[in-house]
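The figures that follow rest on heavy atoms only: side chains count, while hydrogens, waters and symmetry mates do not. Residue numbers begin at 1 in each chain, while the letters A, B, ... track the order of the sequences. Treat the numbers as computed from the prediction; the structure is a model and nothing was measured.
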2 protein chains.
Amino acid sequence: MNLKELSNILNLSQTTVSRALNGYPEVGEKTRIRVIEAARKYNYHPSYSAKRLAMGKSHAVAHVVPQSPKHSMINPHFSDFIAGAGETYAKFGFEMLISVVPYDEQEKCYRELARSKRVDGVIVHGPYKEDPRIELLKSLELPFVVHGRTEEGCKDFSWLDVNNRSSFKRATNFLLDLGHERIALLNGIEEMDFAYRRRLGYEAAITGRGLPIDPTLIFSSDMIEPYGYDVTKRLLKMKDAPTAIVTSSVLTALGVVRAVQECGLQIGRDLSVVTFDDELSFLQYPGVPLFTSVRSSIMDAGRRLAEILLEQIDNPDKGLVQELWETDLVVGQSTGPRRI
Amino acid sequence: MNLKELSNILNLSQTTVSRALNGYPEVGEKTRIRVIEAARKYNYHPSYSAKRLAMGKSHAVAHVVPQSPKHSMINPHFSDFIAGAGETYAKFGFEMLISVVPYDEQEKCYRELARSKRVDGVIVHGPYKEDPRIELLKSLELPFVVHGRTEEGCKDFSWLDVNNRSSFKRATNFLLDLGHERIALLNGIEEMDFAYRRRLGYEAAITGRGLPIDPTLIFSSDMIEPYGYDVTKRLLKMKDAPTAIVTSSVLTALGVVRAVQECGLQIGRDLSVVTFDDELSFLQYPGVPLFTSVRSSIMDAGRRLAEILLEQIDNPDKGLVQELWETDLVVGQSTGPRRI
DNA sequence: TCCGCAAGCCAAAGCCCTTTGAAAATTTGC
DNA sequence: GCAAATTTTCAAAGGGCTTTGGCTTGCGGA
């Protein structure tokens with residue numbers, strides 16, 4: 001059942017039927033109802049490919065994720081984000097395309113997406129402090145929004161970011177208030193803007209108390225469990241071991257816990273941990289949270305960013321959207337006063 | 001630059017140009033070369049939407065993932081799978097569509113995908129022991145492959161599965177060989193076929209030694225960290241506590257470790273753990289593995305399943321593909337002989 | 001009574017490619 | 001040198017929708 005057949009049945013032109021179904025005003029109300037009912041009755045659905053061809057719009061959004069052996073973008077954080085974004089896309093009838101490409105073929109991929117008009121927009125993940133993708137996308141005139149920001153020049157594109165700096169400042173201050181002075185930072189990869197800002201927040205808190213910044217307490221890596229474990233093991237062996245740790249992900253924090261416990265120590269008593277909590281769905285604890293954390297749902301971010309992108313696509317001239325989300329500090333069992 | 005323009009430039013018909021570019025035999029070799037070079041020169045790329053409309057093929061594959069608040073399909077296992085599958089799709093120029101839909105709208109979504117021909121095939125994730133999606137897809141005549149199997153009747157569709165039964169039998173036997181007799185099973189949701197088979201394997205091993213099956217040692221839930229933690233806490237409080245645990249995922253196993261350590265016990269000494277290891281990318285340990293495990297890469301499964309599906313799409317009459325992958329047993333630090 | 005203006009509807013062009021069926025050009029066979 | 005068999009090329013018909021520009025109505029105002 002296609003438009004032609006349906007319009008024949010109705011004794012109307014294709015134009016009118018199309019207009020009636022798409023809510024254009026220049027069609028009589030009785031006609032519209034008649035058309036809509038016939039469409040339902042004969043189970044008519046417009047063909048997507050034809051629609052796309054005719055309109056030059058694809059009703060689809062892409063997420064380009066670089067895949068490199070050493071540092072996979074497809075991780076639990078990503079999947080939670082996708083779950084949120086996907087929900088929004090589904091709600092508005094958009095398709096979500098995931099392009100897994102080798103790290104150095106990203107540019108090619110974006111160019112191809114733009115040229116072929118296969119998608120109406122893209123979401124950029126994990127921006128670096130300086131990220132060439134931004135300029136590329138601007139030049140390609142492909143609508144985009146960024147999850148995160150770049151170090152500078154983020155005035156002229158839409159983004160949604162968590163206030164990483166204030167979050168980590170707050171987390172660190174919380175530990176300082178508990179009397180901790182030697183506080184380690186297990187940060188993400190610091191070429192990435194979010195990690196860079198987190199470090200700034202951490203350092204601001206430390207120096208804010210007149211304490212020195214000890215580079216041997218600062219680490220930077222992919223935020224995975226073994227990272228937390230390994231570093232903590234090492235830290236605990238130091239002569240002047242830190243009494244607290246701020247970490248960038250619950251995954252890493254779990255590694256910290258394992259290391260601490262394995263050394264016969266107790267988390268929250270012998271070592272305090274504050275983590276950034278993306279509220280990953282597969283790590284949700286009922287009851288009192290395990291970790292004291294600054295938290296912000298990455299799934300919500302996915303939902304919202306998708307919304308922003310769709311608005312942007314729908315109405316390109318509407319101006320930029322830039323949202324900075326503050327986090328909540330939630331006190332769990334992983335922190336306690338410094339023991340002398 | 002479209003086909004019409006290009007053919008005008010070349011003084012050829014659209015037919016010939018199209019054929020030349022698509023490798024049809026009925027075009028002269030000199031002409032073909034001339035066409036190909038012109039295409040490159042003028043940066044001609046055929047429009048995807050037009051191609052789709054004309055051919056009724058979309059060169060895309062969908063993954064329909066149900067999203068319910070209680071049990072998210074989008075989890076780290078899924079994201080690793082996707083990373084693998086996405087790699088294959090990219091290699092063959094296919095698009096990957098992820099449709100996040102409410103649990104009870106899956107059928108509608110599949111019907112819509114089939115009707116609209118928006119994709120050439122789908123991959124079915126996490127089949128239940130009896131799964132209505134299979135019959136649905138058969139009736140819709142949408143090519144599909146299944147990651148996993150159903151309890152019965154899996155003779156007439158393509159699938160790739162890990163030998164869950166033998167894996168868990170082996171894992172359990174390994175523990176039995178170490179002298180453990182009270183072994184708990186922290187299984188996935190047993191309505192799902194993979195978990196059901198795992199339980200069969202576990203039980204086969206136990207009864208194979210003439211030991212009784214204790215239902216109070218068998219658990220079934222989403223395979224997340226808190227699950228492992230909570231259950232282990234409870235188990236360790238039993239009068240007749242188990243001395244070993246078989247668990248369905250490293251995520252859960254990490255929870256087990258945390259609980260054990262928190263009780264001042266040592267993993268591998270006071271409690272042995274064998275886990276099924278999907279080799280999730282963000283949990284890879286260098287060196288001696290933390291967990292003794294039966295392992296099989298879920299990312300490899302993604303790669304292979306995508307291949308199978310693409311072959312199937314390319315050549316629907318080629319017959320079914322059914323692969324049963326055996327796992328490796330890798331001995332790590334989490335197991336040891338039973339202490340008297 | 002006639003005109004002008006909306007409101008409602010339509011035919012046809014356009015989007016860009018594939019593919020069928022046939023014609024034109026070339027080669028082969030005798 | 002001519003008919004037959006190939007090879008090469010083409011015009012045109014889809015595929016199914018949107019959208020432009022224009023053509024009928026019906027009605028209020030003059």
S.K.: Whole-Å distance between dG8(C) P and Leu21(A) CG?
M.R.: 17 Å
S.K.: Would you classify Ser49(B) as touching base, sugar-phosphate or nothing, given that sugar-phosphate means primed atoms plus P, OP1 and OP2, and contacts are heavy atoms under 4.0 Å?
M.R.: nothing
S.K.: Are Arg40(B) and Glu37(B) close enough for a salt bridge, meaning some N to O gap below 4.0 Å?
M.R.: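 Salt bridge between Arg40(B) and Glu37(B), a charged N being under 4.0 Å from a carboxylate O: no.
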S.K.: So, does Thr88(A) use its side chain to make a donor-acceptor pair with the main chain of Arg303(A) at under 3.5 Å?
M.R.: yes
S.K.: Leu6(A) has an atom CG; how far is it from atom P of dG15(D), in whole Å?
M.R.: 17 Å
S.K.: When the distance from NZ of Lys57(B) to P of dG15(D) is rounded to whole Å, what number comes out?
M.R.: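 Those two atoms, NZ and P, are 18 Å apart.
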S.K.: Of all heavy-atom pairs between Val321(B) and Ser158(B), which one has the smallest distance, and what is that distance?
M.R.: N-OG, 2.9 Å
S.K.: Parallel, tilted or perpendicular, judged at 30° and 60°: which one describes the rings of His63(B) and Phe81(B)?
M.R.: perpendicular
S.K.: Under the side chain to side chain contact (heavy atoms under 4.5 Å, CB included) test, which residues partner His77(B), sequence neighbours left out?
M.R.: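 For His77(B), the residues satisfying side chain to side chain contact (heavy atoms under 4.5 Å, CB included) (neighbours in sequence not counted) are Asn75(B), Met223(B), Ser249(B), Leu251(B), Asp278(B), Leu280(B), Ile298(B).
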S.K.: Treat primed atoms plus P, OP1 and OP2 as sugar-phosphate and everything else as base, then score nucleotides 14-24 of chain C 5' to 3': B for base contact with protein heavy atoms under 4.0 Å, S for sugar-phosphate contact only, - for none.
M.R.: BBBBBBBB---
S.K.: Provide, to the nearest angstrom, the distance between the CZ atom belonging to Arg32(A) and the C1' atom belonging to dC9(C).
M.R.: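 From Arg32(A) CZ to dC9(C) C1': 13 Å.
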S.K.: Without decimals, in angstroms, what is the distance between Arg52(B) CZ and dC17(D) P?
M.R.: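 The distance from CZ of Arg52(B) to P of dC17(D) comes to 16 Å, rounded to the nearest Å.
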S.K.: Please check this pair: side chain of Asp120(A) against backbone of Pro143(A), looking for a donor-acceptor N/O pair closer than 3.5 Å.
M.R.: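 Not a single qualifying donor-acceptor pair exists.
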S.K.: Name the orientation class of the two ring planes belonging to Tyr103(B) and Tyr128(B) (parallel below 30°, tilted from 30 to 60°, perpendicular beyond 60°).
M.R.: perpendicular
S.K.: Any donor-acceptor pair under 3.5 Å linking the side chain of Trp159(B) with the backbone of Cys154(B)?
M.R.: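 Side chain of Trp159(B) to backbone of Cys154(B), a donor-acceptor pair under 3.5 Å: yes, one is there.
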S.K.: Runs of at least three consecutive Watson-Crick or G-U pairs, both distances under 3.5 Å, are what I'm after; which ones involve DNA chain D?
M.R.: C:1-30 with D:1-30
